[in-house]
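The structure displayed is predicted, hence computed values, not measured ones. Protein chains get the first letters and strands the later ones, always in sequence-line order, with residue 1 at the start of each.
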Amino acid sequence: MTEGKDGKKYTTISIPTPLAEKIKKRIEGTGFTSLSSYVTYVLREVISGMEEESEEAFSKEDEEKVKERLRALGYLD
Amino acid sequence: MPKPHGGKLINRSIKKELSETADLPKLGININLSEDIINISNGVFSPLEGFLHNNDLENVLNEKRLTDDTPWTIPVLLDFNKQDINEVKEGDTILLTNKENGVLALLDIDEIFTYDKKTLAQTVYGTQDTTHPGVANVYNMKQLLLGGKITLLDSRTRKFDEYNLSPKETRILFKEKGWKEIVAFQTRNPPHIGHEYVQKTALTFVDGILINPIIGKKKSGDFRDEVILSSYETLIKHYYLKERAVMSILRTSMKYAGPREAIHHAIMRKNFGCTHFIVGRDHAGVGNYYGPYDAHDIFSEFPDLGIIPVFFRSFSRCTKCGSVVNDKICPHDQKYHINFSGKKIRELLQNGEIPSEDMMRKEVAETILKFDKPFVE
């Protein structure tokens with residue numbers, strides 16, 4: 001985790017108490033050791049799912065050069 | 001195609017007049033470190049731009065993540081002894097050199113720091129036992145670490161370069177082939193029928209497969225690199241659709257760090273543009289240091305890895321089913337199961353015998369036997 005300006009590695013987020021209670025029940029007997037570890041997991045999953053697919057920014061010239069090599073090596077017809 | 005790990009494909013390679021570097025202090029490095037430099041420079045290790053700083057090292061050990069929260073499990077470190085190089089300090093730029101592959105690279109030193117070998121070994125390998133090859137390597141490391149960005153200036157053309165594609169090249173290749181979903185298969189051996197079963201089972205659900213042998217330092221009795229490559233070429237030629245399979249090599253050293261290394265292997269394949277990665281039983285394991293499926297379980301810690309693991313458990317040939325099976329699909333007793341024993345196949349080949357076609361394709365075995373010395377001596 002990038003350290004915040006205050007040098008802390010972790011920060012506190014408020015969620016409604018009933019939700020916290022539901023989560024605590026939900027994670028009983030799972031590999032999650034705390035409410036925080038579960039919330040961190042879910043947020044990482046959500047954020048990474050929002051990442052767009054790759055739109056490579058190779059220049060036309062670069063791409064042609066690579067294709068030429070790939071053809072020479074038999075990877076492309 | 002997935003974004004490169006960390007969002008950007010790293011390129012730390014420039015052409016520079018070597019005369020400009022003549023006055024820089026030089027540090028000779030071993031072949032493994034020089035391979036790390038190449039892998040950093042061409043994006044195989046994206047998002048790394050250099051060797052880890054102390055805070056990143058601590059985070060990788062404690063959290064299995066870089067300090068910016070990007071998953072990363074294997075420390076990429078540059079070790080040195082004070083006597084290896086005259087007076088260097090943070091802020092200096094030095095030249096890293098290796099004679100074997102002609103690597104010449106600049107290192108901008110951000111940090112010089114100490115580390116604890118026991119902690120490093122215990123955390124990465126789960127043991128301090130020096131008979132573990134990875135632990136032994138840690139204990140052989142030098143006193144200090146250098147953290148900072150590298151810039152590759154030069155490296156020599158080498159054997160097997162015609163099979164060596166960078167992430168940029170594989171990404172363009174996959175795009176040209178129209179592949180959107182690609183599964184990667186890592187290997188260190190010629191293919192037997194079990195490997196083919198795993199690869200084709202995974203390939204059934206995606207557009208293409210990247211067969212990605214790890215090339216490099218081998219121990220006595222291992223198949224030589226050229227044997228592995230030729231045998232795969234034969235398999236692809238006879239048993240794969242040309243438009244569905246690609247083979248290129250990866251030059252990196254095996255760490256035998258089991259679960260942590262499985263994540264590292266997946267990250268490298270994500271950078272090549274793969275969407276899926278095959279993880280077998282005891283992936284990157286050695287001896288009995290890890291449970292057979294530890295390398296599967298660790299993936300549940302990384303919902304944000306950005307590449308989908310495809311888990312395979314043990315598989316065998318069932319004489320009753322008449323096909324390759326795994327424990328999820330075959331109801332028959334163990335007595336009907338014949339395991340794919342790499343050791344047995346090796347013994348047969350060592351005696352110049354062709355293994356049964358239940359174990360290895362005849363064409364593959366013949367390709368191996370064409371070599372006078374298929375094994376490392």
For this session: Check the pair B:Leu173 / A:Leu76 against side-chain contact (heavy atoms from CB on, under 4.5 Å), numbers first and verdict last.
Result: CA-CA 8 Å; B:Leu173 176 62; A:Leu76 285 177; 3.6 Å; yes
For this session: I would like to know whether B:Ile172 and A:Asp62 meet side-chain contact (heavy atoms from CB on, under 4.5 Å); could you show each step before the answer?
Result: CA-CA 10 Å; B:Ile172 290 172; A:Asp62 253 13; 6.0 Å; no
Exercise. Counting N and O atoms only, with roles assigned by atom type, does the side chain of A:Tyr75 sit under 3.5 Å from a partner on the main chain of B:Glu169, one being a donor and the other an acceptor?
Worked result: no
For this session: Can you establish whether the number of heavy atoms outside B:Arg158 located under 6.0 Å from its atom CZ is more than 12?
Result: yes
Exercise. Given the rule in the side-chain contact (heavy atoms from CB on, under 4.5 Å) test, do A:Val66 and B:Lys168 qualify, once you have shown the distances and angles that lead to the verdict?
Worked result: CA-CA 8 Å; A:Val66 168; B:Lys168 182 177 173 180; 4.2 Å; yes
Exercise. Does the pair A:Asp77/B:Lys242 count as a salt bridge with the N-to-O cut at 4.0 Å?
Worked result: yes
For this session: Step through the shown structure and confirm whether more than 12 heavy atoms of other residues, nucleotides or ligands are within 6.0 Å of NZ on A:Lys67.
Result: yes
Problem set entry | Full working for side-chain contact (heavy atoms from CB on, under 4.5 Å) between B:Glu301 and A:Arg44 | CA-CA 10 Å; B:Glu301 295 177 38; A:Arg44 280 176 176 152; over 6 Å; no
For this session: Check whether B:Asp56 gets within reach of chain A through its side chain, its backbone, both or neither, counting any heavy atom under 4.5 Å.
Result: neither
Problem set entry | Heavy-atom pair with the smallest gap, counting every atom of B:Ser300 and A:Tyr41 | O-CE1, 3.0 Å
Exercise. Which heavy-atom pair separates B:Leu9 from A:Phe58 by the least distance, and what is that distance?
Worked result: CD2-CZ, 4.0 Å
For this session: Decide, yes or no, whether a salt bridge links A:Glu63 with B:Lys175 under the criterion of side-chain N to carboxylate O below 4.0 Å.
Result: yes
Exercise. Taking atom NZ of B:Lys3 and atom OG of A:Ser48, what is their separation to the nearest 0.5 Å?
Worked result: 11.5 Å
Problem set entry | Between CG on residue B:Asp69 and NZ on residue A:Lys9, distance to nearest 0.5 Å | 11.0 Å
